[in-house]
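Before any comments, here is the structure.
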Amino acid sequence: MYLFPLWCFGVVVRYLVLFPARAIVLTIGWMVFLSTYIPVHFLLKGQDKLQKKIERVLVELICSFFVASWTGVVKYHGPRPSIRPKQVFVANHTSMIDFIILEQMTAFSVIMQKHPGWVGLVQSTILGSVGCIWFNRSEAKDREIVTRKLREHVHGANKNPILIFPEGTCVNNQYSVMFKKGAFELGCTVCPIAIKYNKIFVDAFWNSRKQSFTMHLLRLMTSWAVVCDVWYLEPQNLKPGETSIEFAERVRDIISVRAGLKKVPWDGYLKYSRPSPEHRERKQQSFAESVLRRLEEK
């Protein structure tokens, strides 16, 4: 009971002091970004090299304002990614803020699910300028288009580094689920990135089925701080005789060990679908048989 006054004091500080200050910081960031981005986007058409360079810097800038609006304390370990052909960066995935935290240091071209609302607008306009690739998980034809665009991007010259979250969904930063093999069958160098959040200050996990990204951002902006470590790990290449699935698992091992994540043999897409009645019945029958066997042994 004696801790209740301290809790109330914390709520007052977070909601009435920190949140308004952070909202002002983010508003100023958007004003600076838009007042520069719009003229550059429309007035420098035809000067692609200069336009893309400035837009890349501006995207990094607005991401830095987002991190500042959470009082983000991010420690980066390892060499900063550089623009090189035939390489792809892969990272474990906890929230869409993973992309923002990585983007403030390096303007990655990310492959990500297309979102509705203001997030979708930002994706199709602003982030399109850095070569991001969007897809709809429910559209089979989108996968073919993404695969083609990904190959073109990886083997193209003067392209932003490509970033992929091979888990395909947000995970709670305690486990790592199976990696999709698409990023590992491109015939290029894979650069692992491990991200670990400190849950003492806030749980950065975004459950998109229960919470909109706007509400997720508000929760971060009313927390004490977002604290995390980012490790740029040693680049990996496919070994002789190694399959793309084995390659994906090896990279997942490296990321999991560095970030302290527990590996589980689950497909991240399972949370988007319900198991069929036949599957449930088989599992129930299998469980019942195992219980009966143990009872008979006793």
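Fair warning: this is a prediction, and the values are worked out from it, not measured in the lab.
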Is any NZ, NE, NH1 or NH2 atom of the basic residue among Glu249 and Lys263 found under 4.0 Å from an Asp or Glu carboxylate oxygen of the other?
-> yes

Check the surroundings of atom NZ in Lys199: do more than 12 heavy atoms from other residues, nucleotides or ligands lie under 6.0 Å from it?
-> yes

Taking atom types as modelled, find out whether Gln104 and Tyr76 have a side-chain donor-acceptor pair closer than 3.5 angstrom.
-> yes

Closest heavy-atom pair, Ser109 versus Gly131, reported as atoms and distance to 0.1 Å, is CB-O, 3.4 Å

Phe66 and Val25, any side-chain heavy atoms less than 4.5 Å apart | no

Linking I/L/V/M/F/W/Y whenever any side-chain heavy atoms sit under 4.5 Å apart, do Ile100 and Val57 land together?
-> no

Is Arg250 salt-bridged to Glu242, going by a charged N under 4.0 Å from an acidic O?
-> yes

Donor-acceptor pair, Asn198 side chain versus Val227 backbone, under 3.5 Å?
-> no

Check: Ser176 main-chain N/O paired with Arg252 side-chain donor or acceptor under 3.5 Å = yes

Kindly state whether the ring of Trp206 and the ring of Phe213 have centres lying under 6.0 angstrom apart.
-> yes

Can any side-chain N or O of Gln211 pair as donor or acceptor with the backbone N or O of Ser208 at less than 3.5 Å?
-> no

Under a 4.0 Å N-O cut-off, is there an ion pair linking Arg56 with Glu60?
-> no

Can you name the one residue among Val32, Ile126, Leu34, Thr36 that meets side-chain contact (heavy atoms from CB on, under 4.5 Å) with Leu58?
-> Thr36

Checking Thr106 side chain against Glu103 main chain: does a donor-acceptor pair fall under 3.5 Å?
-> no

Are the side chain of Ser129 and the backbone N or O of Glu55 linked by a donor-acceptor pair below 3.5 Å?
-> no

More than 12 heavy atoms from other groups under 6.0 Å of NZ on Lys196 = yes

Can you label the angle between the Phe33 ring and the Tyr37 ring as parallel, tilted or perpendicular, going by 30° and 60°?
-> parallel

If you take all heavy atoms of His216 and Ala204, which pair is closest and at what distance?
-> CE1-O, 3.3 Å

Donor-acceptor under 3.5 Å (Gln51 side chain, His41 main chain) | yes

Any chance CD of Gln285 has more than 12 other-residue heavy atoms, nucleotides or ligands included, within less than 6.0 Å?
-> no

Check for a donor-acceptor pair, side chain of Arg14 on one end and backbone N or O of Ser223 on the other, with a separation under 3.5 Å.
-> no

Backbone N or O of Gln113 within a donor-acceptor pair of the Gln123 side chain at under 3.5 Å?
-> yes

What closest approach, in Å, do Pro192 and Gln236 show between heavy atoms, and which atom pair accounts for it?
-> CG-CG, 4.1 Å

Dump the intermediate steps for side-chain contact (heavy atoms from CB on, under 4.5 Å) on Ser244 and Leu238, then the final yes or no.
-> CA-CA 8 Å; Ser244 57; Leu238 186 70; 5.6 Å; no

Pairwise distance CD1(Ile195) to CZ(Phe99) - rounded to 0.5 angstrom = 11.5 Å

When you measure from the side chain of Ser95 to the backbone N and O of Asp98, does any donor-acceptor pair fall under 3.5 Å?
-> no

Look at the rings of Phe184 and Phe179 and say which category their plane angle falls in: under 30° parallel, 30 to 60° tilted, over 60° perpendicular.
-> parallel

For Asn172 and Phe205, indicate whether the former's side chain and the latter's backbone hold a donor-acceptor pair under 3.5 Å.
-> no

